[in-house]
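The structure appears right after this line, and notes come after that.
Naming convention: chains lettered A, B, ... in sequence-line order (proteins, then strands); numbering from 1 in each chain. All values below come from the heavy atoms of this structure, side chains included, with hydrogens, waters and symmetry mates left out.
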There are 2 protein chains.
Amino acid sequence: MADDNLPGGMSLRPESMLCFDIYATHHAIGQAYQPLLSEVGLTYPQYLVMIVLWDRDGQSVGDLGARLDLASSTLTPLIKRMESQGLLERKRDSSDERKVRVTLTNAGRELKQKASHVPACVARAFGLSMEEFVQLHGMLGKLRASLRNARVTGTA
Amino acid sequence: MADDNLPGGMSLRPESMLCFDIYATHHAIGQAYQPLLSEVGLTYPQYLVMIVLWDRDGQSVGDLGARLDLASSTLTPLIKRMESQGLLERKRDSSDERKVRVTLTNAGRELKQKASHVPACVARAFGLSMEEFVQLHGMLGKLRASLRNARVTGTA
DNA sequence: TGCGATTTAGTCGTGCTCGATATATACAGG
DNA sequence: CCTGTATATATCGAGCACGACTAAATCGCA
């Protein structure tokens, strides 16, 4: 008998499950970034934080969390590690002492140039055509939107 | 000036980068599974291990690692936690004492039924048509294959 | 046979991630 | 002004993930 009555040839074999696809792809992307990023002394999550700050400096911890979908319990230690590496500074917002503004140091800004080869390098390793790239981006966006909606509505 | 000269409108904004897409989708899928899996007392990685074992019992730690792309340093403690929960047993292979065979207990086998609603539940939350589902699966597989190949070849 | 190389798990330290919780600041109504 | 509530960040414990290393078993070949 079939393991489960799932639509359209789905089975419980991990290779054929979308969740496993995403899991494995996430994994593989991390592996692809790791050697490039270790040259500039960043982890992958730290790199994401830098990208957000390079785009706009001086954001609060909450702003970073909203962009990256990370909680303060993740960001606070991560940012502190980056602060101790001299990439950024943390200081309370003078007009709202609850907020912590994160600003890049010179070293943090300079790292943008040192890491400028990374995106193209990885994009090349992806081996996707521009059309596939756009298609994939669109579907993943739709998938996330569905998941966001399902969470609010409840899955039952 | 533009941040980087990347093909086809790519920029460093995280929302438009594919790596961020995968990262965020992985994240969102984890969040979708979490409430369903916590009902049956599993984490997401533990669920993946169970899926592999439900498919074929008695695999070695190395077999599980090959299927899930995880190192022994990740799997050993993870499997030990599952053993202490009574889901499986670890015993050395009598014909090759280096290997550790992981076999399900009755409780572990029974959990398959208790968790049988999970895949359809999540698939529903994905909100993708069957066509999109297949397309996405294909592109992610191609992406992983490219990354695997690039890692061997070297990215420079 | 015996010894070096390979394979297989496991250990350790570091870092990321979460949920639950704590603390401090800001705000709003009386 | 004071008090209760909301917001922003931080802390804590657990689990996951990796690379570097160790230990033990197996294999291969002289």
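Rounded to an integer number of Å, the gap from A/L48 CG to C/dG15 P is 17 Å. The distance from atom CG of A/L42 to atom C1' of C/dC16 is 14 Å, rounded to the nearest whole Å. Atom CG of A/L37 is separated from atom P of C/dC16 by 12 Å (rounded to the nearest Å). To the nearest angstrom, P of C/dT8 lies 9 Å from CG of B/D63. Rounded to a whole Å, the CD atom of B/Q31 is 10 Å from the C1' atom of C/dT17. When rounded to the nearest whole Å, the span between CG of B/L75 and P of C/dT7 equals 19 Å. Spacing between atom OH of B/Y44 and atom P of C/dC18 amounts to 15 Å, rounded to whole angstrom units. The distance between atom CD of B/Q59 and atom P of C/dA9, rounded to the nearest whole Å, is 11 Å.
A/T25 OG1 to A/L140 CG: the interatomic distance, rounded to the nearest 0.5 Å, is 9.0 Å. A/H27 contributes atom NE2, which lies 9.0 Å from atom CZ of A/F20 (distance to the nearest 0.5 angstrom). The CG atom of B/L64 sits 5.0 Å away from atom CD1 of B/I79, with the distance rounded to the nearest 0.5 Å.
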Where do N or O atoms of nucleotides 20-25 of chain C meet protein N or O atoms at under 3.5 Å, pair by pair?
residue : atom : partner : partner atom : Å
C/dT25  : O3'  : A/E97   : N            : 3.4

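Here B/R92 lies in heavy-atom contact (under 4.0 Å) with sugar-phosphate atoms only. Counting non-hydrogen atoms under 4.0 angstrom, A/Q34 reaches nothing in the nucleic acid. Heavy atoms of B/L70 sit under 4.0 angstrom from primed sugar atoms or phosphate atoms, though from no base atom.
For B/Q113 and B/S116, the side-chain atoms include no donor-acceptor pair closer than 3.5 Å.
Using cut-offs of 30° and 60° for the angle between ring planes, the B/W54 and B/Y47 rings count as perpendicular.
Between B/K91 and B/E89, at least one side-chain N (NZ, or NE/NH1/NH2) sits under 4.0 Å from a carboxylate O, which counts as a salt bridge.
Dashed line: the shortest gap from a side-chain N or O of A/T43 to OP1 or OP2 of C/dC16 is under 4.0 Å. The shortest distance between the side-chain N/O atoms of B/S60 and the OP1/OP2 oxygens of C/dA9 is below 4.0 Å.
Sorted by first and then second residue, the side-chain hydrogen bond (donor to acceptor under 3.5 Å, both in side chains) pairs involving residues 33-45 of chain A (not counting sequence neighbours) form an empty list. For residues 97-109 of chain B, the set of pairs meeting the side-chain hydrogen bond (donor to acceptor under 3.5 Å, both in side chains) definition, not counting sequence neighbours, comprises B/D93-B/R101, B/D96-B/R98, B/N106-B/R109.
Taking each heavy atom of B/P35 and B/Q31 in turn, the nearest pair found is CD-O, 3.0 Å. Minimum heavy-atom separation, B/M50 to B/L104: CE-CD2, 3.7 Å.
Contacts between chain A and DNA chain D, taken as any atom within less than 4.0 angstrom of a protein heavy atom, begin and end at D/dT7 to D/dC18.
A side-chain donor-acceptor contact under 3.5 Å links B/T76 to the backbone of B/S72.
For the segment residues 77-88 of chain A, residues with any heavy atom less than 4.0 angstrom from an atom of DNA chain D are, sorted by number, A/K80.
For A/E110, the salt bridge (Lys or Arg N to Asp or Glu O under 4.0 Å) test picks out no residue, with sequence neighbours left out.
Of the two residues contacting DNA chain C, namely B/T76 and B/H27, the nearest-nucleotide position lying further toward the 5' end is that of B/T76.
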